[in-house]
Amino acid sequence: MAALPSSPLSVQNTPKPPLNIPNQDPNHQRIQTLLTSLQNCTSIKQAKEIHASILRNGLQHQQDLCAKLLAFCAEPPSSQLASNSLIYATRIFEQLQDTATIFMYNTMIRSHAHRRDTAQAISLYNRMRHNGILPNNYTFTFLVKAATDLSTTTGLGRAIHAQSVIFGMPNSDVYIQTALLNMYTSGGNIAIARNVFDRMRHRTAATWNAMIAGYSKRGDVENARRLFDAMPDKDEQSWNIMVCGYAKIGEGDIAERLFEGMPTKTRPTWNAMIAGYAQDSKPVEALGVFRRMQVAGVRPDEITMVTVLPACSQLGALELGEWVHVYIDKNGFDSNVAVCNALIDMYAKCGSIDKAITVFNEMTERSVVSWNTIISGLAIHGRGKEAIELFAEMEKKGVVPDDLTFVGLLNACGHAGFIDRANVYFRKMREVYGIPPKMEHYGCLVDVLGRARHLNEAQELINCMPFEPNSVILGSLLSACRMCNDYMLGERVLKKLVELEPLNPGYYVLLSNMYASSGRWKDVIGIRNLMKSRGIEKIPGCSSIEVDNMVHEFVVGGKTHPHTQEIYAKLDEISEKLRSAGYIPDTSIVLFDLDEEEKAQNLSLHSEKLAVAFGLLKASPAKPIRVVKNLRVCRDCHAAIKLISEIYDREIIVRDRNRFHHFKDGACSCNDYW
DNA sequence: ATAGGGTTAG
């Protein structure tokens, strides 16, 4: 008689001995059936039916069963699962009360980590410890991930790292180490991350990619490239990171070459290329790649949406943004929080703040980014009161604001002229929420004070600030000087600015305008000569308008547009109507114009006026005319467009470098305060 | 059961 196989590995065609002792427990069969149906389960609806069965049969204390059910419901949504599955998982988890196992806790923590819900993940961890359950290596991998998305590595992240050491997690655990690496790089602690990386004995592709991405994210493509070249088994993602990295630092050609040279381009590759261009503020290139992607027959996904929408925001391309919105709805991407956040930002920056509010209101689930985005959106539209109301609602709902919330809120106060409020929030930020003010916050406050002409206070604030003022803050102060006609201080500030950014023409222009408006023509010429001797050229004003899905660009006095004749005829008509309405051009800044050709042109050829004329000619009369300008709108254009909105009975929405102006019936939403 | 693209900023 042949010997029986000694190990289950060497299975032959011998009949298996009956290993299963028949189970007398009447529940056994039911449990087996339910486990099988869980294995084949594909929807949350089926999971709910299985859950009902479990409860009907009194099996809620069967740990195997509950664990599997929970794992299914809390699965991060790479699958086709609806997003409310975590809500359901939480219900199941709560019913287990304190009988939950380590596996169940880990499952729940993973789910929260995936959604970047740090607070929930930590609270589960605390509860688990409270119930005397020891964490394991999985627990720490997920906890670290939960602490990863904070804008800086907080004490929390380090505390979790420390706990993992205390609980004896070996530093050979490649999963925990890779998660730590991710946490430190995304918190900006690249040196600590590199230290973790260097000390690892085993590295996976994920480890290398995390480190490479860490360098790439902060714009250090050189170090990223070095590691990339040293990486033994590059996978596709390694290439994607480099493609994105090069595009992001302005090396579009290198990115394109890598991109073209890739043997297989998958959806993430296309997304990386789009994201790179978008992050380098090259929306036209980004949208070009998006178009090529579609021509290549690659279906966009949620990530594509989140990368394409900022390009629309930058361009002010509302029609394209609306098209993307339709695509999002059709594909059910509207349940994704990041997608909706990008939509809110797109609508706000393309001038449709009311649509931004609609998207925000219709979200079933919001993150702190959602609140920040809508508050910033309201701010640039000058709707400070609503921004303040939303902040109050946010607090009431227990959403914890972060530093960016306050940037938006303080800006909202600035654009609406609420000084007292701004001071209240500036204090509250530190005293209630423990957020130390960064340069940006001081900048907002300087802006508020400057706009209100409280020049001394603004200066004092800068003096007692714990950092050396950067060019942004000094730029705000310079604007304030111009508003208050304080040339002495203005000159001093400009000198510092020129030291900091000697090649930025904007500051020279600001000071020159200040001189011009008080008739100090000699000084105007002095600045002009200074610029000439340094080879600095003024950035030409440029305005764009979207008509029938096409973005039309105009520069000062431009004559390259195919409809130039019509446009100039329209401009003549506009000038005539403005004159008879009693409008007098504000020529105080004309003399700044640098070269001879420009000098000859008069104010009526400013790019925003060309764009408005084109809009009056070609844009649908049912919709507002929307113009995007690269610089701040000039005083004369502001006055003229106010009148145009009245004379032609058209709503005109202009986005300038800083904010929106809604012109209607002869008035502007900024109350002439910008 | 262990990672992974992406959103907010004068």
Length of the [atom1]-[atom2] vector between [X] and [N], whole Å:
{"X": "A/Asn209", "N": "B/dT2", "atom1": "CG", "atom2": "P", "result": "17 Å"}
{"X": "A/Leu410", "N": "B/dT8", "atom1": "CG", "atom2": "P", "result": "19 Å"}
{"X": "A/His325", "N": "B/dT7", "atom1": "NE2", "atom2": "C1'", "result": "15 Å"}
{"X": "A/Asn411", "N": "B/dT8", "atom1": "CG", "atom2": "P", "result": "15 Å"}
{"X": "A/Arg203", "N": "B/dA3", "atom1": "CZ", "atom2": "P", "result": "19 Å"}
{"X": "A/Arg267", "N": "B/dG5", "atom1": "CZ", "atom2": "P", "result": "15 Å"}

So does [X] pair up with [Y], basic N to acidic O under 4.0 Å?
{"X": "A/Glu362", "Y": "A/Lys355", "value": "no"}
{"X": "A/Asp117", "Y": "A/Arg115", "value": "no"}
{"X": "A/Asp64", "Y": "A/Lys68", "value": "no"}

Ignoring hydrogens and angles, does a donor from either the side chain of [X] or the base of [N] sit under 3.5 Å from an acceptor on the other?
{"X": "A/Gln237", "N": "B/dG4", "result": "yes"}
{"X": "A/Asn182", "N": "B/dA3", "result": "no"}
{"X": "A/Asn336", "N": "B/dG6", "result": "yes"}

Contact class for A/Asn240 (heavy atom, under 4.0 Å): base, sugar-phosphate, or nothing?
nothing

When we call it a touch if two heavy atoms are under 4.0 Å apart, what does A/Gln279 touch: a base, just sugar-phosphate, or nothing?
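Sugar-phosphate, backbone atoms only, no base.
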
Using the six-membered base ring of B/dA1, report whether A/Tyr138 stacks on it, requiring centroids under 5.5 Å and planes under 30° apart.
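Base of B/dA1: stacked against A/Tyr138.
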
Give a yes/no answer on whether the side chain of A/Lys68 brings an N or O atom under 4.0 Å of OP1 or OP2 in B/dA1.
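So the side chain of A/Lys68 is outside the cut-off, no N or O lying under 4.0 Å from OP1 or OP2 of B/dA1.
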
Identify whether NZ of Lys or CZ of Arg in A/Arg110 sits under 6.0 Å from the centre of the six-membered ring of A/Tyr138 and within 45° of that ring's axis.
no

